[in-house]
Amino acid sequence: MTSAYQPSMLDFTTGPATALESLPGRLTRHRLTAGAWVDVLPAWLHGSDALFETLLDIDWRADRRQMYDNVVDVPRLLRWFDADETLPHPVLVEARAALSAHYADELGEEFVTAGMCLYRDGRDSVAWHGDTIGRSARHDTMVAILSLGSPRNLALRPRAGGHETLRFPLGHGDLIVMGGSCQRTWEHAIPKTAKPVGPRISVQFRPINVA
């Protein structure tokens with residue numbers, strides 16, 4: 001697959017090698033309602049464009065799903081890596097280990113799986129949802145997302161309403177971690193956009209039995 005996005009200027013200045021920033025003391029925590037929170041670190045991964053190009057060529061899958069009386073295309077491409085699968089780039093192994101180490105006390109377990117989504121352009125999206133299949137439907141957990149390629153807004157809103165929608169533009173190696181009750185009490189989405197935008201890949205690290 002050939003990419004058609006504008007590379008990060010930061011990647012031009014730091015060279016092609018991929019390198020992760022340290023996590024301690026660099027994350028900004030946004031405390032939400034009902035015990036939910038998100039941590040954000042822009043440009044956690046330097047040299048992210050090299051990883052982006054590598055991931056464009058993995059075996060992406062186009063899914064279809066039931067929508068009322070019709071079966072429709074899922075508006076993005078998908079790839080899931082189970083705990084026993086080899087990740088397609090060593091920096092992803094390093095990123096998962098760094099997240100597991102940093103959040104060990106709060107999470108109490110390691111990040112294990114890696115789900116990936118490829119948003120090919122502004123028409124690709126994901127609807128409002130929480131990752132509540134499995135243990136996160138009943139217990140606090142975390143989902144860490146590493147974003148690559150062109151920035152797209154990740155939107156957050158509380159299920160109960162009464163709060164403005166939050167938007168985090170994520171791309172080019174940015175990190176966001178949704179924790180606490182976030183999956184149960186808040187929803188997140190990647191809305192469609194009519195603006196010209198290049199492809200984006202999200203890599204979602206999760207503990208076991210969280211999807």
Side-chain angles (χ1 to χ4, degrees), residues 5-32 35-56 58 79 81 83 85-119 131 136 140-156 166-183 186 188 190 199-208 210:
Y5 72 103
Q6 183 174 350
S8 167
M9 294 304 296
L10 182 61
D11 280 354
F12 280 132
T13 60
T14 58
T18 54
L20 294 167
E21 289 277 358
S22 174
L23 289 174
R26 300 187 61 85
L27 290 152
T28 298
R29 178 158 296 190
H30 302 263
R31 296 198 176 276
L32 309 177
W37 54 262
V38 293
D39 283 350
V40 179
L41 176 54
W44 180 41
L45 175 65
H46 296 286
S48 64
D49 291 331
L51 175 59
F52 178 81
E53 293 289 351
T54 295
L55 295 185
L56 281 177
I58 66 174
R79 179 63 163 92
F81 288 86
E85 286 190 82
T86 301
L87 295 177
H89 196 288
V91 78
L92 294 177
V93 179
E94 183 183 351
R96 185 172 59 186
L99 289 163
S100 293
H102 181 76
Y103 288 104
D105 290 342
E106 285 184 285
L107 184 58
E109 59 184 316
E110 295 183 340
F111 292 92
V112 176
T113 62
M116 299 187 189
C117 296
L118 170 56
Y119 301 87
D131 296 335
S136 53
D140 288 0
T141 189
M142 297 185 197
V143 176
I145 300 174
L146 173 62
S147 293
L148 309 164
S150 299
R152 292 284 297 273
N153 279 327
L154 185 147
L156 282 159
L166 305 178
R167 292 177 176 84
F168 296 92
L170 301 172
H172 295 310
D174 298 336
L175 172 69
I176 188 167
V177 181
M178 296 179 286
S181 69
C182 198
Q183 300 304 329
W186 283 62
H188 58 279
I190 302 291
R200 169 186 177 261
I201 293 172
S202 70
V203 182
Q204 311 109 39
F205 297 104
R206 295 179 175 90
I208 199 70
V210 173

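- Note: I176 CD1 to S202 OG = 11.5 Å, rounded to the nearest 0.5 Å.
- Under a 3.5 Å cut-off, the side chain of S181 and the backbone N or O of A36 do form a donor-acceptor pair.
- Between C117 and Q204, the shortest heavy-atom contact is SG-NE2, 3.5 Å.
- Here the side chains of R200 and I190 are in contact, with some heavy-atom distance below 4.5 Å.
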| task | Take L146 and L92 through the side chain to side chain contact (heavy atoms under 4.5 Å, CB included) test and state the conclusion after the steps. | result | CA-CA 9 Å; L146 173 62; L92 294 177; 4.1 Å; yes
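- Atom CZ in R31 sits 8.5 Å away from atom CG in D39 (nearest 0.5 Å).
- We find the CG-CD1 distance between L175 and I145 to be 9.0 Å, quoted to the nearest 0.5 Å.
- The shortest heavy-atom contact between F205 and L99 is CD1-CD1, 3.6 Å.
- The CG atom of L170 lies 5.5 Å from the CG atom of L154; values are rounded to the nearest 0.5 Å.
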| request: Assess whether side chain to side chain contact (heavy atoms under 4.5 Å, CB included) is satisfied between E85 and R79, documenting all intermediate values. | output: CA-CA 12 Å; E85 286 190 82; R79 179 63 163 92; 3.3 Å; yes
| request: Could you walk me through whether V143 and C182 pass side chain to side chain contact (heavy atoms under 4.5 Å, CB included), step by step? | output: CA-CA 9 Å; V143 176; C182 198; over 6 Å; no
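- Atom CH2 of residue W37 and atom CE of residue M142 lie 4.0 Å apart, to the nearest 0.5 angstrom.
- For P42, the side chain to side chain contact (heavy atoms under 4.5 Å, CB included) partners are V40, D174, not counting sequence neighbours.
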| request: Report the C-alpha separation of V38 and L166 in whole Å, then their side-chain angles, then the decisive distance to 0.1 Å, and conclude whether the side chain to side chain contact (heavy atoms under 4.5 Å, CB included) test is met. | output: CA-CA 11 Å; V38 293; L166 305 178; 6.0 Å; no
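- The number of heavy atoms from other shown groups lying within 6.0 Å of CD (E21) is above 12.
- Here the side chain of S100 pairs a donor or acceptor atom with the backbone of F111 at under 3.5 angstrom.
- Across P88 and L55, no two heavy atoms sit closer than the pair CG-CD2, 3.5 Å.
- At least one side-chain heavy atom of I58 sits under 4.5 Å from a side-chain heavy atom of M116.
- A distance of 12.0 Å separates CE in M178 from CH2 in W186, rounded to the nearest 0.5 Å.
- Distance alone, capped at 3.5 Å, is enough to place a donor-acceptor pair between the R96 side chain and the V112 backbone.
- The shortest heavy-atom contact between A98 and W44 is CB-CZ2, 4.2 Å.
- T113 and P207 make their closest contact through OG1-O, 4.2 Å (heavy atoms, listed as atom of the first residue, atom of the second, distance).
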